[in-house]
Amino acid sequence: MTMQNKIIAAIRKIPKGKVSTYGAVARAAGYPRYARQVARTLHMAAALNLPWHRVLGAGGEIKLTGHSAFEQRFRLQSEGVAFRGRRVDMRTHEHKFSKPRSPRRKAQ
DNA sequence: AGGGTGACGATCA
DNA sequence: ATGATCGCCACCC
């Protein structure tokens with residue numbers, strides 16, 4: 001299993017109406033500090049059919065620029081994600097990964 | 001091999 | 001809140 005595959009798998013777990021962040025996805029995939037690689041992976045989101053719009057920067061901020069940023073915001077609002085200013089209200093929309101950080105035995 | 005580059009993130013002024 | 005700086009790390013010349 002490559003790092004990129006794990007990152008992709010993590011992104012696929014974000015349900016509609018919820019969001020996550022580059023850093024959180026990286027951690028959920030088992031690669032803390034690899035936020036930039038998550039972003040890199042998202043460049044092929046369309047081809048991989050990934051919910052790319054559900055991944056935001058730390059604090060729920062859209063890191064895209066120009067038209068893409070607008071589209072991301074539009075897509076999120078379309079599935080019920082509320083914004084507070086320029087940021088998503090993470091308190092109510094952040095997806096919590098159930099990924100165990102310490103593969104100890106197993107999550108009961 | 002070496003240096004520049006990000007859809008990052010945390011910290012500080 | 002905003003901008004600068006720095007640490008990070010796979011990619012792409």
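On a predicted model such as this, the values are computed, not experimentally measured, just so you know. Each chain gets a letter, A, B and so on, in the order its sequence line appears, and its residues count up from 1.
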How would you summarise protein contacts on nucleotides 8-13 of chain C per nucleotide, using B for base, S for sugar-phosphate only and - for none, with heavy-atom distances below 4.0 Å? BBBS--
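The nearest whole Å value for the distance from the CE atom in A:M44 to the P atom in B:dG6 is 16 Å. Rounded to whole Å, the distance from CE on A:M90 to C1' on B:dG9 is 13 Å. Atom CG of A:L64 is separated from atom C1' of B:dG6 by 12 Å (rounded to the nearest Å). The interatomic distance linking A:H43 (NE2) with B:dC8 (P) rounds to 8 Å, in whole Å. Here the C1' atom of nucleotide C:dG3 and the CZ atom of A:R86 are 13 Å apart, to the nearest Å. The CD-C1' distance, from A:E61 to C:dA1, rounds to 11 Å in whole Å. Taking atom NE2 of residue A:H67 and atom C1' of nucleotide B:dA7, one finds them 15 Å apart after rounding to whole Å.
Note: the hydrophobic cluster containing A:L42 does not contain A:F70 (ILVMFWY, side chain heavy atoms under 4.5 Å, direct or indirect links).
Paired with A:R54 under the rule side-chain contact (heavy atoms from CB on, under 4.5 Å), one option of A:I14, A:V88, A:I11 passes, and it is A:I14.
What you find for A:E94 and A:T21 is that their closest heavy atoms are OE2-CG2, 4.5 Å. Taking all atoms of both residues into account, the shortest heavy-atom contact from A:W52 to A:A45 is CB-CB, 3.3 Å.
Remark: side-chain polar atoms of A:K18 are paired, donor with acceptor, to backbone N or O of A:T92 under 3.5 angstrom.
Comment: A:E79 does not engage A:R75 in a salt bridge, judged by the lack of any side-chain N to carboxylate O separation of less than 4.0 angstrom.
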